[in-house]
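I have placed the structure first, in the form of structure tokens, so that the comments after it can refer back to it.
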Amino acid sequence: MKVYLNGKFVDQKDAKISVFDHGLLYGDGAFEGIRSYNNLVFKLEEHIDRLYETMHTLLIECSLTKKQMIKAIVETLKQNKIKDGYIRVVVTRGVGDLGLDPQKCKGTSSVIIIADKITLYPKELYEKGLAIITVPTVRNHPEALNPELKSLNYLNNILAKIEANIAGFNEAIMLDATGVVAECTGDNIFIVKKGLLLTPSQGRLRGITREVVLDLARKSKMKTFEGAITRHEIYNADECFLTGTAAELIPVVNVDGRQIGNGKPGSVTKKMLKAFKEVTRKEGVKY
Ligand SMILES: *Cc1c(COP(=O)(O)O)cnc(C)c1O
């Protein structure tokens, strides 16, 4: 495997960065997870825009322009001859001293691009649906570390994942600081109730897959709602599913021991999954 590292393609074993890089020392950086299907990079511009928005807020100056970044991503896919893959883009503030002060990072940001494969959950769970639980760790308060940032600081989500794992579950619902449902550890959450598609509007990352699903729903004349959603509403939903670039679209059939709908992936979920598969196969930046 060839990894893009600061302007060069290097072998996986040589893809190393400094132990003084603040991405490592402090989680001081931004990332994106992007998928390509059938030699098309799906929603590449949207991912790049979000990456640069995260960096803008973090005041990280990327050594690549958006155009150069897109070129580097496409080149990484080509170098590795990947037709259907998962691309991880990481930009750190770069090398500094042992203090956390970003002003001490005087060089340029570090840019890493890895093109590989990823499957988040076993295949049968995409057919049968997930059982998930709500965990005690709440999603970061927006004025502490805004969940809209896809930053390298993921301990909030990792703590929630650990709590789910200890309880014997694959995924967790995280509430926001006010107690309404925010999202899962790396996925957005949707419910369907009486033909209406609902998803939280606060305390969560504005997922690109989330936007795609909302778009697909509107195009099929389905009514959508973005707002505050409680656990009670989830327990009593007809259907529930999660979305994310890595997870794609996965049904949820049980939440906190409450069966959702008839306990099987619902018809809207299946319809969305089909529409999602179609759009990913034909849309994107060709390479
Ligand atoms: C990446 C991510 C998502 C999903 O976003 P996509 O743009 O659809 O990949 C949702 N929640 C969190 C916390 C994430 O990190």
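Heavy atoms only: backbone and side chains are in, while hydrogens, waters and symmetry mates are out. Both counts, for ligands and for their atoms, begin at 1 and track the order of listing. In this chain, residues are counted from 1 in sequence order.
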Any idea which atoms of ligand 1 are less than 4.0 Å away from a heavy-atom of [X]?
X	result
G207	5 (O), 6 (P), 7 (O), 8 (O)
R139	13 (C)
N157	13 (C)

Heavy atom of the protein closest to [atom] (residue, atom name, distance):
atom	result
atom 11 (N) of ligand 1	E183 OE1, 2.6 Å
atom 7 (O) of ligand 1	I208 N, 2.7 Å
atom 8 (O) of ligand 1	T209 OG1, 2.6 Å
atom 3 (C) of ligand 1	G186 O, 3.3 Å

>> Using a 6.0 Å cut-off, check whether atom CD of E124 has over 12 heavy atoms from anything other than its own residue.
In response: yes
Can a salt bridge be assigned to the pair [X] and [Y] using a cut-off of 4.0 Å between side-chain N and carboxylate O?
X	Y	result
E127	K123	yes
E53	K150	no
K66	E45	no
R88	D116	no

[X]-ligand 1 polar pair, N/O distance under 3.5 Å:
X	value
F31	no
T245	yes
Y154	yes
N188	no
H47	no

Test item: side-chain donor near acceptor, [X] and [Y], under 3.5 Å:
X	Y	answer
T269	E239	yes
E233	T230	yes
D187	T243	no

> Out of curiosity, is R206 lining ligand 1, as in a heavy atom under 4.0 Å away?
Replying inline: no
> Within less than 4.0 angstrom of ligand 1, does T185 place any heavy atom?
Replying inline: yes
>> Taking the side chain as everything from C-beta on, heavy atoms only, tell me whether V255 gets closer than 4.5 Å to I133.
In response: no
> When rounded to the nearest 0.5 angstrom, what distance separates NZ in K161 from OG1 in T185?
Replying inline: 3.5 Å
> Which one of E46, K150, R204 has a non-hydrogen atom at the shortest distance from atom 2 (C) of ligand 1?
Replying inline: K150
